[in-house]
Amino acid sequence: MKNIPEKIKNQYRSYWVKFGFRVLVLLVTVWIAVFRPGELTVLEGMNFFRHFSVLHLLWLLWIWYMLEKLLPSRNRNPKGCRKHRKEEFQPTKEYEDWVAEGKPKGQTSRFWQEFCQERKQYGKGAGLVLGGWALAAMGILILRQFGVLGSRELLIGSTLFYVGDLVCILIWCPFRDVFMKNRCCTKCRIYNWDTWMLILPVLYIPGFFSYSLLVGALMVVGHWELSHLWHPERFYSVSNAALQCRNCGGELGCSTLQRVKQR
């Protein structure tokens, strides 16, 4: 990890530890699904409250994972996860000048044209991801209806997504390189969408377990999307200086840093 700041090295080390923990969670979940199938009954209906299972710990882990995104903490969450917050916004000079001019729109404003271009680029990528997510949801539903996927496979699927979230940050992110075309996780338009992607498979197991997770995911994604609706300037580097490479000391998921690590 030559030429990478010590702070970023420490971040990567901590995230590799998290990655190892999530792999362990996956392995334990697979073991329970295969050798203790009776434990899976807590996923169905209101069985969540009828007896204790190790899966209650998994539920708590995922609930905390969602609630953590709603907490105003700078120490636990990366910049990409926090950029929608008011306290994280650092207006660029171009944005301030545009506001001082009365927020003119149209071809007469160079800032507005650049802002619309960046917003359109990331909006297109977000639309592609949403479309892919919808297709995945339909595919899982069909497989569920035909009995190809049972509760065991659906639970393992969600746990795989839980591990895959850190694969995107630490190894390779198809959303970044294929759909969004952004250089790092910090600029990612859909950063907090991972919560509803995480719970997608288990949503096809009706019960308190899945529906309560859905509520948490909707809170996270809803907060994110409402922030984008009301304050889009916080999400784009042309208006938010905190997202510009020159003002970044290095962040997780940066494609440039990942190439440096490989040298």
Side-chain angles (χ1 to χ4, degrees), residues 11 14-26 28-29 32 39 42-49 52-89 126 129-130 133 137 154-170 173 175 185-186 188-231 234-235 242 251-253:
Q11 283 184 337
S14 67
Y15 265 69
W16 277 110
V17 171
K18 289 182 179 180
F19 178 74
F21 173 74
R22 293 193 184 189
V23 170
L24 179 61
V25 170
L26 171 61
V28 171
T29 302
I32 291 173
E39 298 288 316
V42 301
L43 303 176
E44 302 169 357
M46 300 303 288
N47 290 338
F48 185 89
F49 300 101
F52 176 78
S53 166
V54 176
L55 296 182
H56 283 85
L57 300 179
L58 180 64
W59 179 85
L60 287 172
L61 188 64
W62 285 352
I63 284 291
W64 172 247
Y65 174 66
M66 296 175 185
L67 292 179
E68 192 178 29
K69 291 178 178 290
L70 298 173
L71 299 176
S73 172
R74 294 190 174 188
N75 296 325
R76 288 190 292 266
N77 300 323
K79 186 186 295 184
C81 181
R82 310 188 314 259
K83 63 173 173 278
H84 63 304
R85 299 184 179 278
K86 179 180 179 180
E87 61 271 17
E88 299 293 330
F89 180 54
V129 172
L130 183 60
W133 186 82
L154 293 171
L155 177 63
I156 293 174
S158 281
T159 316
L160 282 170
F161 283 174
Y162 184 54
V163 174
D165 178 54
L166 288 190
V167 171
C168 290
I169 293 177
L170 296 171
C173 179
F175 303 104
C185 294
T186 300
C188 184
R189 165 68 179 83
I190 61 170
Y191 197 105
N192 281 356
W193 285 17
D194 60 335
T195 50
W196 65 5
M197 293 178 182
L198 163 67
I199 66 169
L200 172 60
V202 295
L203 283 181
Y204 295 101
I205 311 175
F208 178 85
F209 185 96
S210 60
Y211 294 158
S212 58
L213 291 174
L214 176 61
V215 170
L218 290 177
M219 289 174 61
V220 173
V221 178
H223 184 208
W224 180 267
E225 289 303 316
L226 287 175
S227 296
H228 181 268
L229 178 64
W230 294 330
H231 301 285
R234 300 175 185 174
F235 288 75
E251 283 288 328
L252 294 169

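One-based numbering along the sequence shown.
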* Asked: Would Thr159 and Val25 count as a side chain to side chain contact (heavy atoms under 4.5 Å, CB included) if you check the C-alpha gap in whole Å, the side-chain angles of each, and the deciding distance to 0.1 Å?
  -> CA-CA 8 Å; Thr159 316; Val25 170; 4.1 Å; yes

* Yes or no on ring pair (Phe, Tyr, Trp, His ring centres under 6.0 Å) for Trp133 and Trp193, after CA distance, side-chain angles and deciding distance? -> CA-CA 10 Å; Trp133 186 82; Trp193 285 17; 8.4 Å; no

* To do: Check the pair Ser158, Leu200 against side chain to side chain contact (heavy atoms under 4.5 Å, CB included), reporting the backbone distance first and the verdict last.
  => CA-CA 7 Å; Ser158 281; Leu200 172 60; over 6 Å; no

* **Check against side chain to side chain contact (heavy atoms under 4.5 Å, CB included), Cys188 and Phe175** => CA-CA 9 Å; Cys188 184; Phe175 303 104; 5.8 Å; no

* Just do the side chain to side chain contact (heavy atoms under 4.5 Å, CB included) check on Ile32 and Leu155 with the steps written out, would you? => CA-CA 10 Å; Ile32 291 173; Leu155 177 63; 6.0 Å; no

* To do: Decide yes or no on ring pair (Phe, Tyr, Trp, His ring centres under 6.0 Å) for Phe235 and Trp224, but give the supporting numbers first.
  => CA-CA 10 Å; Phe235 288 75; Trp224 180 267; 5.1 Å; yes

* Might you work through the ring pair (Phe, Tyr, Trp, His ring centres under 6.0 Å) test for Trp62 and Tyr65, ending with a clear yes or no? => CA-CA 5 Å; Trp62 285 352; Tyr65 174 66; 8.7 Å; no

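The CZ atom of Arg234 sits 10.0 Å away from atom CZ of Arg85, with the distance rounded to the nearest 0.5 Å. The OG1 atom of Thr195 sits 12.5 Å away from atom NE2 of His223, with the distance rounded to the nearest 0.5 Å. Atom CZ of Phe161 sits about 13.0 Å away from atom CD1 of Ile156, to the nearest 0.5 Å. Distance SG/Cys173 to CG/Asp165: 9.0 Å, rounded to 0.5 Å. Note that CZ of Arg82 and CG of Asn192 are 11.5 Å apart. Values are rounded to the nearest 0.5 Å. One finds the CD1 atom of Ile190 at 9.0 Å from the CG atom of Leu130 (value rounded to the nearest 0.5 Å).
Taking 4.5 Å as the limit, every side-chain heavy atom of Val17 sits out of range of all side-chain heavy atoms of Phe21. Taking the side chain as every heavy atom from C-beta outward, Leu160 and Val163 never approach each other to under 4.5 Å.
A distance-only check finds no donor-acceptor pair linking the side chain of Tyr191 to the backbone of Lys79 [under 3.5 Å]. Lys83 places no side-chain N or O within 3.5 Å of a backbone atom of Glu88 that could act as its donor or acceptor partner. Of the possible polar contacts, one joining the Arg22 side chain to the Tyr162 backbone as a donor-acceptor pair under 3.5 Å is found.
Residues forming a side-chain contact (heavy atoms from CB on, under 4.5 Å) with Ser212 (at least two apart in sequence, or on another chain): Trp59, Phe208. Remark: Leu214 pairs with Ile199, Leu203, Leu218 by the side-chain contact (heavy atoms from CB on, under 4.5 Å) rule, at least two apart or across chains. In this view, His56 and Val42, Phe48, Phe52, Ser53 satisfy the side-chain contact (heavy atoms from CB on, under 4.5 Å) rule, not counting sequence neighbours.
Among all heavy-atom pairs drawn from Glu39 and Leu55, the shortest one is O-CD1, 3.6 Å. Of all the heavy atoms in Cys185 and Ile169, the pair that sits closest is SG-CG1, 4.2 Å.
Judged by the 6.0 Å distance and 45° axis criteria, Lys86 is not positioned over the aromatic ring of Phe89.
A salt bridge links Arg189 and Glu225; the closest N-O separation between the charged side-chain nitrogens and carboxylate oxygens is under 4.0 Å.
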